[in-house]
Amino acid sequence: MRMPEPNNGVLSRRTEIVSDLRRILPAECVIAEEEELRAYECDGLTAYRQLPLIVVLPETTEQVSDVLQYCYGEGIKIVPRGAGTSLSGGALPLADGITLGLGKFNRILEVDYKNRCVRAQTGVTNLAITNAVNGEGFYYAPDPSSQIACSIGGNVAENSGGVHCLKYGLTTNNLLGIEMVLMDGEIVRLGGKYLDAGGYDLMGIVTGSEGLLGVITEVTVRILRSPSTARAILIGFPSSQSAGTCVADIIGAGIIPAGMEMMDQPAIHAAEAFVKVGYPLEADALLIVELDGPSVEVDELILRVEAIARKNGAQSIRISESENERNDFWAGRKAAFPAVGRISPDYYCMDGTIPRNRLSEVLDRMSDFSEDFGLRVANVFHAGDGNLHPLILYDANSPGELEKAEQFGAEILKLCVEVGGVLTGEHGVGVEKRDLMGEMFTEVDLNQQQRVKCAFDPTQQLNPGKVFPTLHRCAELGRVHIHSQQTRFPDLPRF
């Protein structure tokens, strides 16, 4: 994988740039010392690290605008960063770029129960939104596993989902409005408190754009009434195939659970050792199905799901009898990533999406890949919408294992596309999947996507080196036939 060549002119002006930024921002909001920059050298994809040129931590939208306007005029690249939980390298710094952190944008600005929405700064954590409204019987539906830490602005950048996205949708389905600063410093607002806006769906373009189009400083999100009843079923299966068939049968029966998650045996054992909530260790696959709504409806759906599970050979079925027990069922799934971290020095978390009816085939092929590469894999995923999160276990201190893990991951993603799926469900492309974009898109597709970026960021200063495997000049993309002057990116810095 490759990144843009550093701009030596910018590197040589570093001292001058630091001084200029300290005239724009309070001095403590500009980080320039190497030891302090280390905290920003990577995001959740820790295999790749790079010290940023400088880190700035603005406190207001106006300060973000001033920083971008300055960088636009000086030809300096910008990498937006939320909480740094991205698992695709979306916030990987650049040696000649400024990392713009939004950690100080941490206030909820307005709670509007009449319009059922919350207006919050971009650095507010996902879970903080639910915590702000649950006293009145509301919640924010998208709930990534990292919801205690990930920022709502980062959720918009990656179009995050979570265990409840099957019924309640991804970030894009729960986002009403954003405030965003463009690369030249212009502040724009898209959407608002209403459900839909006329004209072009610019907010739809920005959602999931991974920091390539602008810096989001504020969001307005939809909140929902908490269901009167929510119960979960913990179902153990003798094989991943039978669990996968059960998933398809539940959806085929017209039942849309609030959440439906699956874990294979390595993930079950790791999670149970971590949280000790009574997962069935004898099961080869575990399905967690949550049903919510009026109690009479939930009771009926539980009976139907139980019957479908038994028809598919379920070994064990446990139904939550209290809110605490329901939360316990989810505790292991929510903690699956750190739990796996206890059984392996390192792990590489993948993210691809497949048609539900190809689940058994994909799991079988992944098992073959595991043998081929000599690396273990633990599977946790959103079974309802086919979003897989294989965790490839490796040891970064063992020569060649990171490279093998990368190759293993690439084969999984190619397989997802091969069976009719896509490269990413919610983690984004970043640098992790960038060089695989050609597996899914033609050159015409990729060029059209880059034209959208050029419309927002014609100088290509925002988060360059991410998403697109080949960087074209905006002027070249305007031509009908592209025999391009193009830049290939040099090797990414590895940890």
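If you're wondering where the values come from, they're calculated on a predicted model, not measured in any experiment. If you read the sequence from its start, that first residue is 1, and numbering goes on from there.
- Judged by distance alone, the side chain of Arg13 and the main-chain N or O of Glu74 form a donor-acceptor pair under 3.5 Å.
- Put simply, the side chain of Arg14 gets close to the backbone of Ala32: a donor and an acceptor are under 3.5 Å apart.
- Side chain of Ser209 to main chain of Leu212: no donor-acceptor pair is present (N/O by atom type, distance under 3.5 Å, no hydrogens or angles).
- With hydrogens and angles ignored, the 3.5 Å screen pairs a side-chain donor or acceptor of Thr130 with a backbone N or O of Tyr140.
- Lys404 and Glu401 are not joined by a salt bridge, as no carboxylate oxygen comes within less than 4.0 angstrom of a charged side-chain nitrogen.
- Between the Lys453 side chain and the Leu462 main chain, a donor and an acceptor come within less than 3.5 Å of each other.
- Formation of a donor-acceptor pair under 3.5 Å by the Glu272 side chain with backbone atoms of Tyr279 is found in this model.
- Asp351 and Thr424 form a side-chain donor-acceptor contact under 3.5 Å, judged by distance and modelled atom types alone.
- Residues Arg38 and Glu35 are not paired through a salt bridge, judged by the lack of any N-O separation under 4.0 Å between the basic side chain and the carboxylate.
- For the 3.5 Å distance criterion, the side chains of Thr61 and Glu218 fail to qualify, holding no donor opposite an acceptor.
- Under a 3.5 Å cut-off, the side chain of Lys466 and the backbone N or O of Ser88 do not form any donor-acceptor pair.
- Here the side chain of Asn387 pairs a donor or acceptor atom with the backbone of Gly352 at under 3.5 angstrom.
- Between the Glu210 side chain and the Gly428 main chain, no donor and acceptor come within less than 3.5 Å of each other.
- The existence of a salt bridge linking Arg333 and Glu290 is excluded, since no basic side-chain nitrogen approaches an acidic carboxylate oxygen closer than 4.0 Å.
- Counting only distance, with no hydrogens or angles, the side chain of Thr220 and the backbone of Leu176 share no donor-acceptor pair below 3.5 Å.
- With no hydrogens or angles considered, a side-chain donor-acceptor pair links His382 and Glu426 at under 3.5 Å.
- Atom CZ of residue Phe441 and atom CG of residue Leu423 lie 7.0 Å apart, to the nearest 0.5 angstrom.
- Note that CD of Glu411 is 9.0 Å distant from CG of Leu436, once rounded to the nearest 0.5 Å.
- Looking at Asn7 and Asp96, their side chains never bring a donor and an acceptor atom within 3.5 Å of each other.
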